2 protein chains.
Amino acid sequence: MAYSNAFAALADPTRREVFERLAQGPRSVGDLAEGLPVSRPAVSQHLKVLKEAGLVTDHPEGARRVYQIDPQGLGQMRAWLDRFWDAALAAFQAEVERDDDKEDEA
Amino acid sequence: MAYSNAFAALADPTRREVFERLAQGPRSVGDLAEGLPVSRPAVSQHLKVLKEAGLVTDHPEGARRVYQIDPQGLGQMRAWLDRFWDAALAAFQAEVERDDDKEDEA
DNA sequence: GCTTACGGTAAGTCATGGCTTACTCAAACG
DNA sequence: CGTTTGAGTAAGCCATGACTTACCGTAAGC
C-alpha cells in the first residue's frame with residue numbers, strides 16, 4: 001500500500017537527488033535547495049511528497065525546518081522488493097537451464 | 001544509473017500489477033492483458049518499459065512472446081536502497097536519543 | 001497460399017505532475 | 001515593533017506519459 005507512494009516519490013530524479021543529500025545528514029530546506037538546479041519552492045514540494053511517502057521526517061528548529069531520512073518508507077520498499085527476489089532468481093535459474101538444454105541439442 | 005529507470009517503471013500501478021503477475025511465473029502478453037483493466041497494446045507498452053528497466057526479459061515462443069522477471073533490475077534497486085539503509089537507521093537512532101534528552105529536560 | 005491468432009508500432013487525446021513567480025505566514029534580530 | 005530570513009501555499013504553464021483505436025508484420029493451421 002504505502003510503498004506505492006515511495007516508488008513514485010523516488011521515480012523523480014530531483015527527488016532522488018534531495019534524498020541522497022539527506023542521506024549525508026539532516027538539512028534545512030534552503031540548505032538543500034542551495035546546490036540544486038530548481039527553486040526553493042520546488043524543493044519544498046518535493047519534500048512534501050517524500051514525507052507523505054514515509055521517506056523523510058521533519059521537525060522545526062527555530063525559524064528553520066530540518067528534514068532527515070525516515071527508515072520506515074525505505075523498509076517498506078525493501079520488504080516489497082524482497083518478496084520478488086527469490087522468485088526472480090528461481091525464474092532466472094530455470095531460464096539458464098533451459099538455454100543449456102538448447103545448446104545440448106545443437 | 002540504470003536503477004533510475006527501474007524506479008520510474010515500478011512507479012506506475014498498472015506496471016506493478018503486470019510485474020506482480022509475472023512473479024507468479026512466465027506469461028504471454030495476451031495472457032497478462034486478460035485480467036487487466038487496460039487494452040493489450042497498453043500492456044505491450046508497459047512491458048517495453050519494464051524490459052528497458054532490466055526488470056523483465058522476453059523470448060519468442062512460437063507465435064507468442066513470453067515474458068518473465070529479470071533479477072538484474074531488481075538487484076540494482078536493492079543495492080541502491082541498501083546504500084541508504086544503514087545511514088537511515090543511524091539517523092533515526094540519533095533522533096530518538098535527541099527526543100529522550102528533551103524528555104529528560106522536561 | 002489464405003486466413004487467423006499474437007503482438008508490436010503509430011497517432012492522437014487527456015490527465016498528471018514538476019516547475020515557475022507571487023504571495024502569505026511565522027520566527028528571530030535590531 | 002519593523003525588518004529580515006526561512007519556508008509552505010496558490011495559480012498557472014508546459015512536458016511527459018498512460019491510454020485508446022487503427023494498422024502492420026509474422027508465425028501457425030487448414
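To find a chain, count down the sequence lines: A is the first, B the second, and so on, and within it residues start at 1. Bear in mind the structure is a predicted one, so any value in this text is a computation, not a measurement.
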So, for [X] and [Y], which heavy atoms are closest and what is the spacing to 0.1 Å?
X: A:L55; Y: A:G73; result: CD2-C, 3.9 Å
X: B:V56; Y: B:F19; result: CG1-CD1, 4.4 Å
X: A:P71; Y: B:A88; result: CG-O, 3.8 Å

| task | Identify whether A:V18 and A:V49 are in the same connected component of the hydrophobic contact network (ILVMFWY, side-chain heavy atoms under 4.5 Å). | result |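 No, no single cluster joins them.
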
| field | Single-linkage hydrophobic cluster, 4.5 Å side-chain cutoff, A:L32 and A:V66 together | value |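 No, no single cluster joins them.
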
| Sequence neighbours excluded - salt bridge (charged side-chain N to carboxylate O under 4.0 Å, His left out) pairs with any residue from residues 29-54 of chain B |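 Pairs touching residues 29-54 of chain B that pass the test: B:K51-B:D58.
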
Please list every donor-acceptor pair under 3.5 Å in which a side-chain atom of residues 77-87 of chain A meets a protein atom from a residue at least two apart or in another chain.
residue	atom	partner	partner atom	Å
A:R78	NH1	B:D82	OD1	2.0
A:W80	NE1	A:Y3	OH	3.1
A:D82	OD1	B:R78	NH1	2.0
A:R83	NH2	B:E20	OE1	3.3

| request: Would you please name every residue forming a side chain to side chain contact (heavy atoms under 4.5 Å, CB included) with B:A8, sequence neighbours left out? | output: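 With sequence neighbours excluded, B:A8 shows a side chain to side chain contact (heavy atoms under 4.5 Å, CB included) to A:A11, given in chain and number order.
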
| task | Under the side chain to side chain contact (heavy atoms under 4.5 Å, CB included) rule, collect the residues that match up with B:Q45, sequence neighbours excluded. | result |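 B:Q45: no side chain to side chain contact (heavy atoms under 4.5 Å, CB included) contacts found.
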
| By salt bridge (Lys or Arg N to Asp or Glu O under 4.0 Å), which residues pair with B:R21, not counting sequence neighbours? |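 Once residues adjacent in sequence are excluded, the partners of B:R21 under the salt bridge (Lys or Arg N to Asp or Glu O under 4.0 Å) criterion are B:E17.
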
| field | Which residues share a salt bridge (Lys or Arg N to Asp or Glu O under 4.0 Å) with B:R64, sequence neighbours left out | value | none

| message | Roughly what angle, to 10°, lies between the helix axis at the start of the helix from C:dG1-D:dC30 to C:dG30-D:dC1 and the one at its end, five pairs per end? | response | 20°

| request: Within residues 6-28 of chain A, find the residues that approach DNA chain D with a heavy atom at under 4.0 Å, and present them sorted by residue number. | output: A:S28

| request: Strictly below 4.0 Å, heavy-atom distances to any atom of DNA chain D: list the hits from residues 32-46 of chain A, or just say none. | output: A:R40, A:P41, A:S44, A:Q45

| note | Interatomic distance, CG@B:L50 vs CD1@B:I69, rounded to 0.5 Å, equals 9.0 Å

| message | Within this structure, what is the OG1-CD distance for the pair A:T57 and A:Q68, rounded to the nearest 0.5 Å? | response |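 So the OG1 of A:T57 and the CD of A:Q68 are separated by 4.0 Å.
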
| request: May I ask you to verify if any side-chain N or O of B:Y67 is less than 4.0 angstrom from the OP1 or OP2 atom of C:dG8? | output: yes

| query | What does nucleotides 25-30 of chain C look like as a protein-contact string, B for base, S for sugar-phosphate only, - for none, at under 4.0 angstrom between heavy atoms? | reply | --SS--

| message | Whole angstroms only, please: what is the NZ-C1' distance between B:K48 and C:dT9? | response |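 Answer to the nearest Å: 8 Å.
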
| Interface limits on DNA chain D, where chain A has a heavy atom under 4.0 Å of a nucleotide atom |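 Footprint of chain A along DNA chain D, 5' to 3': D:dG6 to D:dA10.
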
| said: Can you pull out every side-chain hydrogen bond (donor to acceptor under 3.5 Å, both in side chains) where at least one residue sits in residues 6-15 of chain A? Sequence neighbours excluded, please. | reply: A:R15-A:H46

